[in-house]
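Please read the structure below before turning to the comments.
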Amino acid sequence: MARIERLESPFEIEELFFSRTDRRGIILSGNSVFQRVSAYNWNELLSKPHNVIRHPDMPKGVFHLLWNNLLKNLPVAAYVKNLSKDGRFYWVLALALPFKDQFISIRLKPTSSTFQLIAGFYEELLATELKSKLSPEASHKLIEEKVKSLGFDNYAHFMSYALSEEMKARQEALSKKNVATNQNLLTSFLEQEKLVKLSEEISKSTQSILNAYKNNRFVALNLQVDALKSSSGQTMGTVAAHFQKMASEIEAEVNRFDNLATTTRAELRHAQFLFLSGQLVREMAKVFSSEKTTHDAMKDDQEFLKELAETYRASVSNTVMRTQDVIRTFGSSCNDVAAINNGLEIIRLTGKIEASRSSEWKACADIIDGLRGFLTFSRDTINQIQSSHFQMKSILDVASRKERRL
């Protein structure tokens with residue numbers, strides 16, 4: 001299909017689109033921004049499929065991704081290029097939310113650098129779809145692969161990041177235009193970014209400890225082999241056995257530690273996405289309070305949005321509490337790892353003393369000396385993790401108190 005090259009249908013950074021559909025994608029309602037920018041009259045939009053504004057430049061895989069989430073009652077966000085009735089185009093970041101057997105879509109103007117990455121990729125993906133005759137499902141898989149190549153764990157990670165970046169860019173743009181902004185929201189952005197950054201730092205640190213222990217898993221075996229070569233290796237063999245036992249314990253604990261860090265990171269991203277979604281819903285409800293009613297369905301939209309905002313507020317609160325529970329377990333696991341690491345240091349010192357008693361144990365002494373750097377690295381990394389954990393706990397405690405006051 002030939003690509004349509006037309007002018008962009010303009011709208012302002014402070015404007016938000018709204019539409020409500022049934023589960024088949026039939027438009028039930030919408031706001032004036034949606035109607036104006038799409039250039040359709042209401043009688044051409046209401047009771048019509050939402051894909052009336054679909055642009056031929058859009059890969060089918062994007063819509064497979066959107067519907068795959070919505071039909072599972074999962075919220076989802078994606079960059080979408082739309083087509084106005086007059087042939088002009090407009091880009092949005094579309095947030096789609098399932099609620100009461102219907103779907104709510106709130107769209108904002110994308111202005112962040114993240115958008116530039118995806119806009120170019122859509123062109124490549126569309127060309128691949130056409131050339132290889134890809135199914136929508138296969139195209140969807142390529143989107144998942146693309147976001148992973150950009151450093152994201154999965155699409156859920158990407159969409160949370162994209163929504164955060166777009167809303168932050170929007171708040172900054174509104175401030176420059178002297179449009180009233182929500183300072184509490186700006187503060188929340190900073191808190192969320194810090195939490196996510198801390199969780200990612202912890203995950204990297206736990207992986208580095210895990211790799212370090214895996215790289216040293218043969219130390220005990222080497223100690224035992226060299227101890228057997230000496231005429232009096234029983235004591236050193238005992239040291240090696242103790243080291244092996246504790247090294248196995250710490251590897252198991254660090255694996256648990258790593259799983260908890262991964263869970264924490266995912267929970268925090270989910271909480272961030274829910275929080276930002278709730279903020280957009282609340283702003284949309286506020287916009288609706290000043291909108292002139294242009295069709296009968298709009299009469300119910302404001303109450304609908306208020307109820308949806310409360311649902312998301314409760315979801316954020318529950319997610320914060322759940323994350324706090326994981327953080328507490330994580331802190332306990334972190335202390336266990338530190339204790340085992342200290343035990344390994346004691347064993348190392350014991351081995352060093354034993355090795356100094358006989359020239360036969362020079363090889364053992366060399367192995368034990370090599371452990372010093374490994375255990376120092378492990379101790380310092382655990383201290384960093386504990387510091388990050390404490391900061392996360394403090395931020396979450398403050399967030400929880402704020403939620404209880406709402």
Side-chain angles (χ1 to χ4, degrees), residues 1-22 24-70 75-97 102-112 114-127 129-130 136 139-140 143 159 162-163 165-167 169-170 277 280 284 287 291 294-295 297 301:
M1 184 179 292
R3 188 178 172 193
I4 295 177
E5 293 288 354
R6 294 289 183 91
L7 294 174
E8 184 173 0
S9 186
F11 63 98
E12 300 301 321
I13 188 75
E14 60 265 30
E15 294 185 302
L16 293 174
F17 291 64
F18 168 83
S19 61
R20 179 160 54 91
T21 73
D22 64 16
R24 298 172 300 156
I26 302 300
I27 299 171
L28 303 175
S29 185
N31 72 331
S32 60
V33 179
F34 173 43
Q35 183 272 323
R36 187 193 81 236
V37 179
S38 69
Y40 285 95
N41 294 321
W42 277 120
N43 61 0
E44 298 173 300
L45 289 172
L46 296 177
S47 301
K48 302 297 189 300
H50 206 283
N51 63 12
V52 68
I53 58 170
R54 182 176 295 187
H55 200 291
D57 283 356
M58 280 296 296
K60 294 178 182 178
V62 178
F63 298 106
H64 186 276
L65 183 155
L66 286 165
W67 282 103
N68 188 58
N69 280 273
L70 288 173
V76 62
Y79 289 105
V80 178
K81 186 178 186 179
N82 289 326
L83 181 66
S84 298
K85 182 183 178 181
D86 57 13
R88 292 187 292 180
F89 72 90
Y90 59 99
W91 279 98
V92 296
L93 177 67
L95 172 67
L97 310 169
Q102 296 179 17
F103 300 132
I104 298 293
S105 179
I106 301 173
R107 279 95 72 195
L108 53 85
K109 190 180 187 73
T111 55
S112 80
T114 309
F115 166 57
Q116 300 305 324
L117 290 173
I118 294 302
F121 168 64
Y122 279 6
E123 290 184 22
E124 298 171 9
L125 182 58
L126 179 65
E129 281 186 354
L130 296 173
S139 178
H140 176 180
I143 296 172
M159 73 178 185
L163 183 58
E165 288 297 292
E166 293 300 345
M167 288 185 67
R170 182 171 181 266
S277 299
L280 272 181
M284 195 71 251
V287 169
E291 280 237 5
T294 54
H295 56 273
D301 285 330

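The model shown is predicted, which means the values in this text are computed figures rather than measured ones. Numbers for residues simply follow the sequence, beginning at 1.
- Ring orientation note: the planes of F17 and Y90 are close to parallel, at an angle under 30° on the 30°/60° scale.
- Here the straight-line distance linking atom CD1 of I143 with atom NE2 of H140 works out to 6.5 Å at 0.5 Å rounding.
- S9 places none of its side-chain heavy atoms less than 4.5 Å from the side chain of R36.
- Scanning all heavy atoms of the two residues, the minimum distance from M58 to F63 falls at CB-CE1, 3.6 Å.
- Atom CG of L163 sits about 7.0 Å away from atom CG of L108, to the nearest 0.5 Å.
- We find the CG-CG distance between N51 and L83 to be 11.5 Å, quoted to the nearest 0.5 Å.
- Taking CG of N82 as the start and CZ of F89 as the end, the distance is 11.5 Å to the nearest 0.5 Å.
- Nearest heavy-atom pair, P10 versus R88, reported as atom, atom and distance to 0.1 Å: CD-NH1, 3.8 Å.
- Closest of all the heavy-atom pairs between A169 and T111 is CB-OG1, 3.5 Å.
- Residue N41 comes nearest to Q35 through the heavy atom pair CA-NE2, 4.1 Å, listed as atom of the first residue, atom of the second, then distance.
- Across all non-hydrogen atoms, the minimal contact from R107 to S19 is NH1-OG, 2.6 Å.
- Counting heavy-atom neighbours within 6.0 Å of K48 NZ, excluding the residue itself, gives a total above 12.
- Judged by distance alone, the side chains of S139 and E129 do bring a donor and an acceptor atom under 3.5 Å apart.
- Listed by chain and residue number, K177 satisfy the side-chain hydrogen bond (donor to acceptor under 3.5 Å, both in side chains) test with E12 (two or more places apart in sequence, or in another chain).
- Residues Y79 and E166 form a side-chain contact, since some pair of their non-hydrogen atoms from C-beta on lies under 4.5 Å apart.
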Side-chain donor/acceptor pairs under 3.5 Å, residues 24-32, sequence neighbours excluded:
{"residue": "R24", "atom": "NE", "partner": "D22", "partner atom": "OD2", "Å": "3.3"}
{"residue": "R24", "atom": "NH2", "partner": "D22", "partner atom": "OD2", "Å": "3.0"}
{"residue": "S29", "atom": "OG", "partner": "H295", "partner atom": "NE2", "Å": "3.0"}
{"residue": "S29", "atom": "OG", "partner": "D301", "partner atom": "OD2", "Å": "2.4"}
{"residue": "N31", "atom": "OD1", "partner": "F18", "partner atom": "N", "Å": "2.9"}
{"residue": "N31", "atom": "OD1", "partner": "F34", "partner atom": "N", "Å": "3.3"}
{"residue": "N31", "atom": "ND2", "partner": "L16", "partner atom": "O", "Å": "2.9"}
{"residue": "S32", "atom": "OG", "partner": "E291", "partner atom": "OE1", "Å": "3.3"}
{"residue": "S32", "atom": "OG", "partner": "E291", "partner atom": "OE2", "Å": "3.1"}

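- Shortest non-hydrogen contact noted between R20 and I104 is CD-CD1, 3.5 Å.
- With values rounded to the nearest 0.5 angstrom, R170 atom CZ is found 7.0 Å from L280 atom CG.
- Here the CD1 atom belonging to I53 is positioned 14.0 Å from the NZ atom belonging to K85, to the nearest 0.5 angstrom.
- A donor-acceptor pair is defined here as one N or O able to donate and one able to accept, closer than 3.5 Å; such a pair exists between the side chain of S84 and the backbone of V37.
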